Amino acid sequence: MTKYRKRPVVVEAVYWTGENLKEVIDLTGMHKSVENWSWEQFKDVVIVRNRGLKIFTLSGPVHASIGDYIIQGVEGECYPCKPEIFKKTYEEVQDGE
């Protein structure tokens with residue numbers, strides 16, 4: 001069996017606290033189903049507050065739990081990642097790296 005190493009790549013990510021919806025939306029963009037809503041309408045949506053955050057990935061919608069990282073990949077795609085996996089896979093990049 002051949003072994004492969006993951007190429008080093010820099011991604012942007014946001015740690016989802018449940019209170020930083022604006023920061024997540026700044027990364028992921030607004031889904032087309034709510035793109036005509038005002039920010040006030042969107043941030044007060046009961047579904048996000050009660051059921052959690054839905055991230056629209058290339059494979060379809062995926063639930064993001066509080067504590068997950070929301071990652072924007074190399075093609076602009078977004079997806080949630082559990083913190084244990086994130087910490088094993090990524091390290092913070094310092095300015096100039």
Side-chain angles (χ1 to χ4, degrees):
M1 180 183 317
T2 306
K3 294 184 180 185
Y4 294 88
R5 176 180 296 122
K6 192 171 186 176
R7 292 182 178 163
V9 61
V10 176
V11 298
E12 290 188 57
V14 172
Y15 181 74
W16 171 233
T17 66
E19 300 294 324
N20 59 336
L21 183 59
K22 176 88 170 86
E23 188 178 13
V24 171
I25 296 302
D26 286 346
L27 177 72
T28 65
M30 297 284 267
H31 188 263
K32 61 184 172 191
S33 65
V34 295
E35 63 188 9
N36 294 324
W37 292 14
S38 71
W39 175 248
E40 290 303 314
Q41 289 173 299
F42 187 76
K43 75 175 184 156
D44 291 330
V45 172
V46 174
I47 292 173
V48 172
R49 210 172 33 232
N50 292 341
R51 295 189 188 170
L53 186 62
K54 189 185 306 181
I55 302 296
F56 293 90
T57 71
L58 295 175
S59 302
V62 176
H63 181 265
S65 301
I66 291 174
D68 286 351
Y69 284 85
I70 312 304
I71 300 170
Q72 185 178 62
V74 296
E75 297 294 325
E77 76 283 9
C78 293
Y79 51 93
C81 181
K82 294 296 177 199
E84 313 81 54
I85 303 298
F86 186 87
K87 290 173 184 172
K88 289 178 181 177
T89 308
Y90 298 97
E91 60 186 16
E92 189 172 341
V93 174
Q94 301 302 317
D95 289 338
E97 286 188 69

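No experiment lies behind these values; they were computed from the predicted model shown.
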What are the two closest non-hydrogen atoms of [X] and [Y], and how far apart are they?
{"X": "Pro61", "Y": "Lys54", "result": "CB-CD, 3.4 Å"}
{"X": "Pro83", "Y": "Asp68", "result": "CD-OD1, 3.9 Å"}
{"X": "Pro80", "Y": "Ala64", "result": "CB-CB, 3.9 Å"}

- From the options Tyr79, Tyr69, Tyr15, select the one residue that forms a ring-ring contact (aromatic ring centres under 6.0 Å, His included) with Phe86. Tyr69
- Query: Has the side chain of Thr57 got a donor or acceptor atom that lies under 3.5 Å from a matching backbone atom of Gly60?
  - Reply: yes
- Do the side chains of Thr89 and Lys6 get nearer than 4.5 Å, heavy atoms only? yes
- Message: Among Ile70, Val93, Leu27, Ile71, exactly one meets side-chain contact (heavy atoms from CB on, under 4.5 Å) together with Glu12. Which residue is that?
- Response: Leu27
- Query: What distance separates Glu19 CD from Ile66 CD1, expressed to the nearest 0.5 Å?
  - Reply: 7.5 Å
- CG of Leu58 to CD of Glu75: how many Å apart, nearest 0.5 Å? 9.0 Å
- Item | Path from Ile25 to Phe56 over hydrophobic side-chain contacts below 4.5 Å | no
